[in-house]
S.K.: 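What follows is a structure written as structure tokens; I'll ask about it next.
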Amino acid sequence: MSVLKPQYRFNCILDITAEDLKAAGAKLVLLDADNTLSLHGSQEPHSGVPEWIEEIKKSGIELVIVSNNSESRIKPFAEKLGLPFVFKGAKPLPKGFKKACKMFGVSPKESAVIGDQIFTDVLGGNWIGAKVFLTEPLGPETDFFIKVKRKIEKYIR
Ligand SMILES: [Mg+2]
């Protein structure tokens, strides 16, 4: 099922360069938060993430967090990183991603999704025609439903 396949796979977000994003035609990056930028639910960004964000910004590419998590989780985290954000993004549905694209006036086709989950980030990114970068989750899941999804994902990855 091609909608469940990313175009690019990386171990960690820090391995993705501005050149990689530009080569993919991305003007805007739609960033997942949990297990992509930090451990699930953590307000502490993964080591190197703030510097990575600065590097990408310097290259002229815009960044926005699109998370399915709540405002109380995402707002302080995004503010700490100096990024705009969409919370309760309802991924894989297009509405959160599309809202983020509208904030920047960028077409979804000129955006890249970076995230760690096939059934939210990859499926949602393919749905809107974005370039999809799948990363390995930074840490173990604590949420029961995500644990179940991970078991299924193992057969697809
Ligand atoms: Mg995630």
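Read the numbers this way: they start at 1 and go in the same order the structure lists the ligands and their atoms. Worth knowing before you read on, the calculation uses all heavy atoms, side chains too, and leaves out hydrogens, waters and symmetry mates.
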S.K.: Closest heavy-atom contact between A33 and F77?
M.R.: CB-CE2, 4.2 Å
S.K.: Taking only distance into account, with no hydrogens and no angle test, what donor-acceptor pairs under 3.5 Å do side-chain atoms of residues 47-55 form with protein atoms, sequence neighbours excluded?
M.R.:
{"unit_1": "W52", "atom_1": "NE1", "unit_2": "I13", "atom_2": "O", "d": "3.1"}
{"unit_1": "W52", "atom_1": "NE1", "unit_2": "I16", "atom_2": "O", "d": "2.7"}
{"unit_1": "E55", "atom_1": "OE2", "unit_2": "K58", "atom_2": "NZ", "d": "3.3"}

S.K.: Check for a donor-acceptor pair, side chain of N126 on one end and backbone N or O of L123 on the other, with a separation under 3.5 Å.
M.R.: no
S.K.: Just grab all the side-chain hydrogen bond (donor to acceptor under 3.5 Å, both in side chains) pairs involving residues 114-124, residues at least two apart or on different chains.
M.R.: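 The answer is T36-D116, K91-D121, D116-R150, Q117-K149.
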S.K.: Side chain to side chain donor-acceptor pair (under 3.5 Å) for E136 and N35? Distances and angles first, verdict last.
M.R.: CA-CA 8 Å; E136 293 299 319; N35 267 333; over 6 Å; no
S.K.: Report all side-chain donor-acceptor pairs from residues 93-115 shorter than 3.5 Å, counting only partners two or more places apart or in another chain.
M.R.:
{"unit_1": "S107", "atom_1": "OG", "unit_2": "K109", "atom_2": "N", "d": "3.1"}
{"unit_1": "E110", "atom_1": "OE2", "unit_2": "K27", "atom_2": "NZ", "d": "3.1"}
{"unit_1": "S111", "atom_1": "OG", "unit_2": "P108", "atom_2": "O", "d": "2.6"}

S.K.: Please report how many protein N/O/S atoms lie under 2.8 Å from the Mg ion (ligand 1).
M.R.: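 Protein heteroatoms (N, O, S) closer than 2.8 Å to the Mg ion (ligand 1) number 3.
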